[in-house]
Amino acid sequence: MSTVRTRFAPSPTGYMHIGGMRTALFNWLWARHNGGQFILRIDDTDQQRNIDAAIGPILGAFRWLGLDWDEGVEVGGPHGPYFQSQRGELYRAAAARLLDQGLAYLCYSTPEEIAADRAAAEAEKRQYVHLRRSLDLTESQLQQYQEENRPHVVRFLMPRDEMIVIDDLIRGRVEFDPNLISDPVIMRADNTPLYNFATVIDDAHAEISHVIRAEEHLSNTPIQLRIHEALGHTPPLFAHVPYVAAPGTKEKLSKRKLDKYRNNPQFKRLFDRADEVFPKIGLEGSAGLDPVMVEYYERMGYLPEAMVNALARLGWSLDDKTEIMSRQTIIEHFTLDRVIKSPAGLDPDKLLSYQVHWMGELSGVEKLDACLPYLTAAGYVNDPPDQAVRQFVGRLIAALADRLKVFSDIVDYDEFFVADDALQYDEKAFEKRITKTDDAVELLTKFRSVLETVEPFDAANLETALKAFVEEQSTNMGRIIHALRIAVTGKPAGPGMFDCLELLGRERCVKRIALALARVS
RNA sequence: GGCCCCAUCGUCUAAUCCGGUUAGGACACCGGGUUUUCAUCCCGGCAAUAGGGGUUCAAAUCCCCUUGGGGUCACCA
């Protein structure tokens with residue numbers, strides 16, 4: 001039994017797409033499930049200028065999600081280098097071999113000639129297939145061209161004799177007619193390789209056992225299969241996973257359609273949230289980080305556990321009911337035969353429900369450490385936060401409980417950090433609960449005096465005090481508690497009222513009530 | 001357009017390979033309960049085999065056609 005070796009080979013584009021991440025995850029999962037290796041290679045056949053900036057966010061996404069790689073960029077390994085741009089010799093040698101054996105040929109057809117051939121075919125309503133004109137060149141012509149240094153590419157000579165059969169691990173048996181496939185260019189005129197060629201060399205060289213990739217590569221597979229054979233490789237097994245669709249659609253999720261997604265009801269909420277949260281923490285908003293990127297979720301404060309759980313469930317299931325799965329559980333059960341064939345739309349609501357679950361597994365300290373950076377970035381607390389801040393935020397997080405769904409939610413609770421006279425009020429709620437509730441002012445005024453004497457000033461004791469107060473005034477909780485909440489926090493919703501009071505402390509509560517009272521008149 | 005892939009609740013999916021389920025679960029939504037608010041939590045409800053032909057005692061499941069969606073046809077990856 002040979003080892004399972006999978007790979008993910010992103011091009012250095014500077015961002016990590018959600019769909020690509022899901023494909024990477026499946027590769028990683030399959031390797032881990034089988035105790036094999038996962039390789040991270042960079043497909044930069046086009047020379048890249050700022051490679052570090054271009055791969056940084058990609059590696060960052062892998063690290064965030066905890067997808068480690070056994071060989072590849074940064075970690076090295078026995079099959080390096082792991083940048084295609086540094087493997088030129090390998091490709092040139094392979095091309096030379098193919099040329100020697102007559103399995104590839106120099107193609108001198110100019111782009112104009114090819115365009116003309118294509119136009120002619122179209123005019124006759126015939127399917128265009130590359131004409132192999134250069135095969136008809138005489139020995140002397142070839143020699144002459146070579147002496148002239150005439151520009152040429154190398155084309156792989158597609159064997160036309162039999163149907164190409166792919167036994168795809170996900171899609172089953174798929175057949176292609178080679179007579180319909182043009183001889184692919186494998187080396188450009190500048191002697192650099194094309195993807196279809198480079199990937200074959202690299203996969204074989206790295207002894208990749210399973211090529212798990214997006215289904216748009218299915219039509220490249222017959223070519224790659226034949227190139228593998230021509231080179232004498234045992235081809236890897238192929239598994240083509242469906243693409244990830246935009247929420248509620250069957251359309252492939254694409255960064256080029258961002259503007260359209262702003263009108264997608266589910267995505268719209270994510271964009272809006274980005275515009276709300278990111279500027280507060282010194283980022284650009286949805287124009288800089290959008291929900292097609294993995295980084296969006298990281299910056300927003302989603303948990304890697306939630307993301308992995310959600311991504312794994314996109315096109316794969318464990319059984320008929322298991323939804324919540326840890327990384328270990330997923331690794332244990334992940335198999336390619338349970339990957340579905342049809343595209344799946346990312347569902348932000350479902351992602352959030354996983355998030356709520358995994359957030360619930362965290363300890364207070366873990367939440368604290370994750371929330372603090374948001375508060376310092378927003379300027380709500382000192383940087384670095386001192387012990388008093390840590391303690392206060394820790395208590396706030398405890399009071400927030402399940403209300404904190406993603407870490408960045410913490411910046412919504414500015415009322416616990418701003419100066420009393422800078423408190424923002426929800427005007428509608430203020431009006432309803434204070435201005436237009438006839439005895440609110442009176443009750444607030446009286447209860448303020450009570451607050452001045454409550455000792456100790458903690459939630460339990462405050463609750464007792466308020467109950468006694470309500471009884472004494474022959475009123476009910478509802479008459480005062482809402483008014484109190486608005487007066488003290490400015491908002492109609494939030495943590496338990498008594499927790500809010502305790503958190504703020506006597507002095508601030510008393511002052512805020514006075515401030516609110518002053519607003520009425 | 002050629003070639004290839006796909007098709008179950010609004011969404012993610014189970015059951016499809018190997019025909020027999022009241023077509024199951026989750027998210028969302030709606031209703032109820034818990035809660036001082038919000039959030040959580042608990043209970044209940046709504047809701048699907050794209051259409052048409054076959055084969056069969058029996059079809060979501062096998063076959064064919066139609067329709068719809070998607071991918072791909074580069075000196076991109």
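Below, chains carry the letters A, B, ... as their sequence lines are ordered, and counting in each starts from 1. Since the structure is predicted, the reported quantities are computational estimates derived from the model, not experimental observations. All heavy atoms count here, side chains included; hydrogens, waters and symmetry mates do not.
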Could you tell me whether the side chain of N264(A) and the main chain of F267(A) form a donor-acceptor pair under 3.5 Å? yes
Using a 3.5 Å distance criterion without hydrogens, assess whether the side chain of T437(A) forms a donor-acceptor pair with backbone atoms of A440(A). no
Applying side chain to side chain donor-acceptor pair (under 3.5 Å), can you list everything that pairs with T475(A), at least two apart in sequence or on another chain? none
Go through U72(B), G1(B), C76(B) for me and flag the one nearest to the E216(A) side chain. U72(B)
C18(B) and C62(B): how far apart are their P atoms, nearest whole angstrom? 9 Å
Need one value for R171(A): base, sugar-phosphate or nothing, where a base atom within 4.0 Å counts as base even if backbone is also close, heavy atoms only. sugar-phosphate
Is there a side-chain polar atom (N or O) of K341(A) under 4.0 Å from OP1 or OP2 of C6(B)? yes
Would you call D412(A) and K405(A) a salt bridge, using N to O less than 4.0 angstrom? no
For the P atoms, the ones on G19(B) and on C63(B), what distance do you get once it is rounded to whole angstrom? 12 Å
Suppose we screen for side chain to side chain donor-acceptor pair (under 3.5 Å). Which residues come up paired with D402(A), at least two apart in sequence or across chains? none
Base partner of A14(B), which must satisfy Watson-Crick or wobble distances under 3.5 Å: none
Expressed as a whole number of angstroms, how long is the span from Q127(A):CD to U72(B):P? 16 Å
Pairs in or reaching into residues 464-477 of chain A: which pass salt bridge (charged side-chain N to carboxylate O under 4.0 Å, His left out), with residues at least two apart or in two chains? E463(A)-K467(A)
Kindly say whether the aromatic ring centers of Y243(A) and H17(A) come within a distance under 6.0 Å. no
Determine whether a donor-acceptor pair (one donor, one acceptor, N or O, separation below 3.5 Å) exists between the side chain of D347(A) and the base of A28(B). no
Contact under 4.0 Å: R118(A) side-chain N or O vs A74(B) OP1/OP2: yes
Classify D319(A) by what it touches in the nucleic acid, base, sugar-phosphate, or nothing, heavy-atom distance under 4.0 Å. sugar-phosphate
Quick check: Y302(A) with Y354(A) (ring centres under 6.0 Å apart)? no
Report the base-pairing partner of U36(B) (Watson-Crick or G-U wobble, both distances below 3.5 angstrom), or none. none
What nucleic acid atoms does I340(A) come within less than 4.0 Å of, heavy atoms only: base, sugar-phosphate, or nothing? sugar-phosphate
With rounding to the closest Å, how many angstrom separate the C1' atoms on G54(B) and G32(B)? 49 Å
Identify whether any heavy atom of R338(A) sits under 4.0 Å from a base atom; if not, whether one sits that close to sugar-phosphate; answer base, sugar-phosphate or nothing. sugar-phosphate
Which is true for L466(A) with a 4.0 Å heavy-atom rule: it touches a base, it touches only sugar-phosphate, or it touches nothing? nothing
Under a 4.0 Å N-O cut-off, is there an ion pair linking R173(A) with E175(A)? yes
Contact class for R213(A) vs. all strands (heavy atom < 4.0 Å): base, sugar-phosphate, or nothing? nothing
For residues 482-504 of chain A, the salt bridge (charged side-chain N to carboxylate O under 4.0 Å, His left out) pairs (sequence neighbours left out) are R395(A)-E502(A), D414(A)-K491(A), E415(A)-K491(A)
5' to 3', nucleotides 30-50 of chain B under a 4.0 Å protein heavy-atom cut-off (B base, S sugar-phosphate only, - none) gives ------BBBSS----------
Generate the contact string for nucleotides 64-70 of chain B. Rules: B means base contact, S means sugar-phosphate contact only, - means no protein heavy atom under 4.0 Å. -----SS
Side chain K350(A) and base A26(B) donor-acceptor under 3.5 Å: yes
Return no unless some side-chain N or O of S219(A) is found under 4.0 Å from OP1 or OP2 of C73(B). no
Tell me which nucleotide, if any, is Watson-Crick or G-U wobble paired with G2(B) when both distances must be under 3.5 Å. U72(B)
Measuring only the P atom in each nucleotide, how far is U55(B) from A14(B)? A whole number of Å is fine. 31 Å
With the side chain of D43(A) defined as its heavy atoms from C-beta on, choose the nearest nucleotide among C12(B), A77(B), C75(B). A77(B)
Determine the contact category for V153(A): base if any of its heavy atoms lies under 4.0 Å from a base atom, sugar-phosphate if only primed atoms, P, OP1 or OP2 are that close, otherwise nothing. base
When you check the phosphate oxygens OP1 and OP2 of C76(B), does a side-chain N or O of R188(A) lie under 4.0 Å from one of them? yes
What's Q266(A) touching, base or sugar-phosphate or nothing? Going by heavy atoms closer than 4.0 Å. nothing
Interatomic distance, L318(A) CG vs A15(B) P [rounded to whole Å]: 11 Å
What nucleic acid atoms does H217(A) come within less than 4.0 Å of, heavy atoms only: base, sugar-phosphate, or nothing? base
Where L451(A) and F457(A) come nearest, the two heavy atoms and their spacing: O-CE1, 3.8 Å
Would you classify E323(A) as touching base, sugar-phosphate or nothing, given that sugar-phosphate means primed atoms plus P, OP1 and OP2, and contacts are heavy atoms under 4.0 Å? base
